[in-house]
A.B. asks: 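Below is a structure I'd like to ask you about.
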Amino acid sequence: MSGANQSNVSEFILLGLSTQPQQRQLLFVLFLSMYLATVLGNLLIILAISTDSWLHTPMYFFLSNLSFVDICFSSTTIPKTLANHILESQTISFSGCFMQMYFVIVFAYMDNFLLAVMAYDPYVAVCHPLHYTTMMTHQLCALLIAGSWVIANLNSLLHTLLIARLSFCAQNTIPHFFCDVSLLKLSCSDTYLNDMIILTEAALMMITPFVCILASYVHITLAVLRIPSTKGKWKVFSTCGSHLTVVLLFYGIIIALYFNPASSHSAETDTVSTVMYTVVTPMLNPFIYSLRNKDMKGALGKIIVMEGFF
């Protein structure tokens, strides 16, 4: 018999962000605004890249996939939070919670993998410019994206099934606004196997892409330092600036949330870090990539004019 069948819990309670009526109204407006900005901003990025032939390059192909993942990531958590507010409910069904957790893990892994894949493109462009077209082929780009999706889904399936085998007896209150692996804390079963998988396999899946990103930028930095022209150095660093900004934001929040001593954690800081990780970062990504990129700003300008926004 599976752990789910042994559980006495049929639904979970999502505490959300605040129980104060005035704060809840403000947070509803704030979350709705951020969600709309996330969807609109990332859709414009995807539309601009797909319609402008100048942007049909590996880097922008990866960026369009990142924008798609960011839309999905936000859509996995925020609409349920908004719906609960409207319905004045804090519950989520047992199956709904596990489904939400599955997709949260998938899109978190995809963000992680895509940032690593996006670091490979400037590495090849700067360190192996003469071989760029032969190394960064359409087949390789498609393979990197497809491989990322396969690995992300397999890992998410592993975590979800391992947690689904556990029993949930009485405690059903989740101190977040969505379901994630923190469900382990609510189980009345032995979670040793789950904890070991998270500490080994999950940590490896998160750390390996980060190490690849660091290695790419070490090689890029060494190559740039050999460029005699100051203007040339600035051009390369400026090109990589958007990606570096997103990497620092993404991994900075993860480190603050998961790699600090437990004694330094508080409910408030964990909540802020979670909101930054799942809501703010997907919203900021299109602004970071578009504001620092002339080609992207030009493509977005054409889209806005064609759609008659001005």
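For clarity, every value in this text was computed on a predicted model and none was experimentally measured.
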A.B. asks: Are side-chain heavy atoms of Leu14 and Thr91 found at a separation under 4.5 Å?
C.D. replies: no
A.B. asks: Checking Asn285 side chain against Asp70 main chain: does a donor-acceptor pair fall under 3.5 Å?
C.D. replies: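 No; zero donor-acceptor contacts below 3.5 Å.
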A.B. asks: According to the disulfide (SG to SG under 2.5 Å) rule, which pairs have a member within residues 190-227, sequence neighbours left out?
C.D. replies: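 Those involving residues 190-227 do not exist here.
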A.B. asks: Going from SG on Cys141 to CG on Asn65, what distance comes out if it is rounded to the nearest 0.5 angstrom?
C.D. replies: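 Atom-to-atom, Cys141:SG and Asn65:CG are 10.0 Å apart.
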A.B. asks: In sequence, state the C-alpha distance, the side-chain angles, and the governing distance for Phe61 and His138, and then conclude on ring pair (Phe, Tyr, Trp, His ring centres under 6.0 Å).
C.D. replies: CA-CA 10 Å; Phe61 172 68; His138 294 297; 8.2 Å; no
A.B. asks: Can you find a pair of side-chain heavy atoms, one from Phe73 and one from Thr38, that are under 4.5 Å apart?
C.D. replies: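 Result no, sub-4.5 Å side-chain heavy-atom pair not found.
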A.B. asks: How far apart are the C-alpha atoms of Leu27 and His85, what are their side-chain angles, what is the distance that settles it, and do they pass the side chain to side chain contact (heavy atoms under 4.5 Å, CB included) test?
C.D. replies: CA-CA 10 Å; Leu27 289 171; His85 178 87; over 6 Å; no
A.B. asks: Can you label the angle between the Phe12 ring and the Phe168 ring as parallel, tilted or perpendicular, going by 30° and 60°?
C.D. replies: perpendicular
A.B. asks: If I take atom CD1 from residue Ile92 and atom CZ from residue Phe177, how far apart are they, to the nearest 0.5 angstrom?
C.D. replies: 12.0 Å
A.B. asks: Nearest 0.5 Å please: distance from the OG1 atom of Thr81 over to the CG atom of Leu32.
C.D. replies: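 If we round to the nearest 0.5 Å, Thr81:OG1 and Leu32:CG are 11.5 Å apart.
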A.B. asks: Is there a path of hydrophobic side-chain contacts, each under 4.5 Å between heavy atoms of I/L/V/M/F/W/Y residues, joining Leu63 to Leu143?
C.D. replies: no
A.B. asks: Are the side chain of Thr134 and the backbone N or O of His131 linked by a donor-acceptor pair below 3.5 Å?
C.D. replies: yes
A.B. asks: Which pairs of donor and acceptor atoms, one on a side chain in residues 95-122, lie under 3.5 Å apart (sequence neighbours left out)?
C.D. replies:
unit_1, atom_1, unit_2, atom_2, d
Gln100, OE1, Cys179, N, 2.8
Gln100, NE2, Thr76, O, 3.0
Tyr102, OH, Asn153, OD1, 2.8
Tyr109, OH, His159, NE2, 3.3
Asn112, OD1, Tyr251, OH, 2.3
Asn112, ND2, Met205, O, 2.9
Asp121, OD1, Tyr132, OH, 2.4

A.B. asks: If only atom types and distance count, is the side chain of Gln171 paired as donor or acceptor with the main-chain N or O of Thr173 below 3.5 Å?
C.D. replies: yes
A.B. asks: Quick one: list whatever passes disulfide bond (SG atoms under 2.5 Å apart) with Cys188, sequence neighbours left out.
C.D. replies: Cys169
A.B. asks: Are Ile220 and Val218 co-members of a hydrophobic cluster defined by side-chain heavy atoms under 4.5 Å apart?
C.D. replies: no
A.B. asks: Does Phe250 reach the side chain of Ile213, with side-chain heavy atoms less than 4.5 Å apart?
C.D. replies: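 SC-SC contact between Phe250 and Ile213 ruled out.
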A.B. asks: Working to the nearest 0.5 Å, report the span between CE of Met283 and CD1 of Ile71.
C.D. replies: 14.0 Å
A.B. asks: With a 4.5 Å heavy-atom cut-off, do Met59 and Met136 have their side chains touching?
C.D. replies: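 Answer no - side chains too far apart.
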A.B. asks: Check whether Gln90 reaches the backbone of Leu15 with its side chain - one donor and one acceptor, N or O, closer than 3.5 Å.
C.D. replies: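 Side chain of Gln90 to backbone of Leu15, a donor-acceptor pair under 3.5 Å: yes, one is there.
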A.B. asks: Please check: side-chain N/O of Ser67 versus main-chain N/O of Ile45, any donor-acceptor pairing under 3.5 Å?
C.D. replies: no
A.B. asks: Where the side chain of His56 meets the backbone of Ser50, is there a donor-acceptor pair that is under 3.5 Å apart?
C.D. replies: yes
A.B. asks: Grouping I, L, V, M, F, W and Y whenever their side-chain heavy atoms are under 4.5 Å apart, do Leu193 and Ile198 come out in a common cluster?
C.D. replies: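 Shared cluster, no.
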A.B. asks: Taking Ile49's backbone N and O only, do any of them form a donor-acceptor pair with Ser64's side chain (distance below 3.5 Å, no angle check)?
C.D. replies: no
A.B. asks: At what distance, to the nearest 0.5 angstrom, does CG of Asp52 lie from OH of Tyr60?
C.D. replies: 9.0 Å
A.B. asks: If we only count heavy atoms from C-beta on, is the Met196 to Tyr192 side-chain gap below 4.5 Å?
C.D. replies: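 Yes, side chains in contact.
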A.B. asks: How long is the straight-line distance from CG of Asp180 back to CD1 of Ile174, given to the nearest 0.5 Å?
C.D. replies: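 So the CD1 of Ile174 and the CG of Asp180 are separated by 7.5 Å.
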A.B. asks: Going by heavy atoms in the side chains, are Leu162 and Leu158 under 4.5 Å from each other?
C.D. replies: yes
A.B. asks: So do Lys185 and Thr191 actually touch side chain to side chain, heavy atoms under 4.5 Å?
C.D. replies: no
A.B. asks: Between Tyr217 and Tyr123, does the ring centroid distance fall short of 6.0 Å?
C.D. replies: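 Ring centres of Tyr123 and Tyr217 not closer than 6.0 Å.
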A.B. asks: Find out whether Val29 and Ser33 are in side-chain contact, i.e. whether some heavy atom of one side chain is under 4.5 Å from a heavy atom of the other.
C.D. replies: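 They are in side-chain contact.
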